[in-house]
Amino acid sequence: MGRTNNFDFISIMIERGFLHQVTDIENLQKEMLKNPIVGYIGFDCTAPSLHVGSLIQIMMLRWFQKTGNKPIVLMGGGTTKVGDPSGKDSARPLLSNKKIKFNKENIKTIFEKFLIFDEKNNGSIMVDNADWLENLNYISFLRDYGAYFSVNKLINLESVKLRLEREQNLSFLEFNYSLLQAFDFLQLSKNYDCKIQMGGSDQWGNIITGLDLVKKATSKQAYGLTSPLLTTSSGSKMGKTANGAVWLNNDQLSDWDFWQFWRNTEDLDVIKFLKLFTELPISEISALEKLKGADINDAKIILANEVTKLCRSSEAANKISSSSANLFNKYKIDDTLPSVKLNNGEISFIDALKKLKFLNTNGEARRLIRGNGAKINDVVVNDENYTLSSKDYEEGKAKISYGKKKHGILILN
């Protein structure tokens, strides 16, 4: 991972579209010009993988390290047990210790692809807030820090205010989340001289609460920086599709489906995503911005390749890009496609579509087939009662397609 000047971090954040809000930007830049600083972003362990919606924060940490600064990845083993009300209409389901531990171990692997963890000056470190929150004495916490928190400010946090305005229940458990996140910042300030907390724009209130606590409890300078809430040009939330979340870990989502998600980016979002989710120089991205019409697809392929290289592997990106280019050749079958193994090749076309998780119900499958939207080995089959047999398998494999963009393989054991 190459390094650039410390001062470049804020410039990069602005130029590439990461910056939404920042506290005291002039003093922050001055401080980063003098010496590298330590900063962190927290990630709760609510699922066995982070999804694409968290990738903007991961890239912020990557640029933070590339510009000479020291990133801390804070795993929320403790705060996951409370649940952040930010952006939520109701409380998150509480997870068991075993489930949180399982999720945490799986999430850790993604950061190893984006950050350098070593003993050098700006080597990234990973810590878990369960280390200090699990054994926190409530009376001691209130006595030592309670006076620093203003209830007036806490009830005006966006996450709290929205729930109250809608008359939706906000438990005292969730109300404490902001205090615990603030305490995280204080602990990292004391233990690692951490000076900046970063996160998504929905975390702004929590971040301000934290840096206020650091300043009041230690008199140290502290900063906050957020990225914009990311939506697609059609208004949908980044990282969510009709088929569910776009997970970063490949045991939750195949390399092929991950690559295809980026390849299917809306035209108006391609340049924005190239700036945020790749490390291509701005000059190259500006050249791609000039592409018009069908040529925009070239930029989408570059986007899919670059993000897949970072998040999965160069090998996966190269294989999928190559197989995608040949996808519409008759009987062209590639092992990078999602697959299902069968003991018996005689399977109804409807069940084949469901086994590959293209559809959930027989009714959906019937409508797709009747509408000429499904293929076997690139040939449209509009018979909803069709059953695959030995003639449909070439070297033990049959390619099943849903429309133009979803493809999978049935493999005979």
No-hydrogen, no-angle side-chain donor-acceptor test under 3.5 Å, [X] and [Y]:
| X | Y | value |
| --- | --- | --- |
| Thr79 | Gln181 | no |
| Asp44 | Thr46 | no |
| Glu364 | Thr361 | yes |
| Lys81 | Asn97 | yes |
| Asn318 | Lys309 | no |
| Glu266 | Ser233 | yes |
| His407 | Ser401 | yes |

Are side-chain heavy atoms of [X] and [Y] found at a separation under 4.5 Å?
| X | Y | value |
| --- | --- | --- |
| Asp184 | Leu133 | yes |
| Lys195 | Gln221 | no |
| Phe43 | Ile41 | yes |

Would one find more than 12 heavy atoms of other residues, nucleotides or ligands at under 6.0 Å from atom CG of Asn121?
no
Salt-bridge test for [X] and [Y]: reply yes if a basic N is under 4.0 Å from a carboxylate O, no otherwise.
| X | Y | value |
| --- | --- | --- |
| Lys275 | Glu15 | no |
| Arg367 | Glu384 | no |
| Asp257 | Lys406 | no |
| Lys272 | Asp269 | yes |
| Lys66 | Asp8 | no |
| Glu31 | Lys34 | no |

Look only at the side chain of [X] and the backbone of [Y], and say whether a donor-acceptor pair between them is shorter than 3.5 Å.
| X | Y | result |
| --- | --- | --- |
| Asn137 | Ser140 | yes |
| Asn377 | Ala398 | no |
| Ser189 | Phe185 | no |
| Glu174 | Val82 | no |

Would you call the rings of Tyr145 and Phe141 parallel, tilted or perpendicular if under 30° counts as parallel and over 60° as perpendicular?
tilted
Do the ring planes of Trp262 and Phe258 sit parallel (below 30°), tilted (30 to 60°) or perpendicular (above 60°)?
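Geometry flag for Phe258 against Trp262: perpendicular rings.
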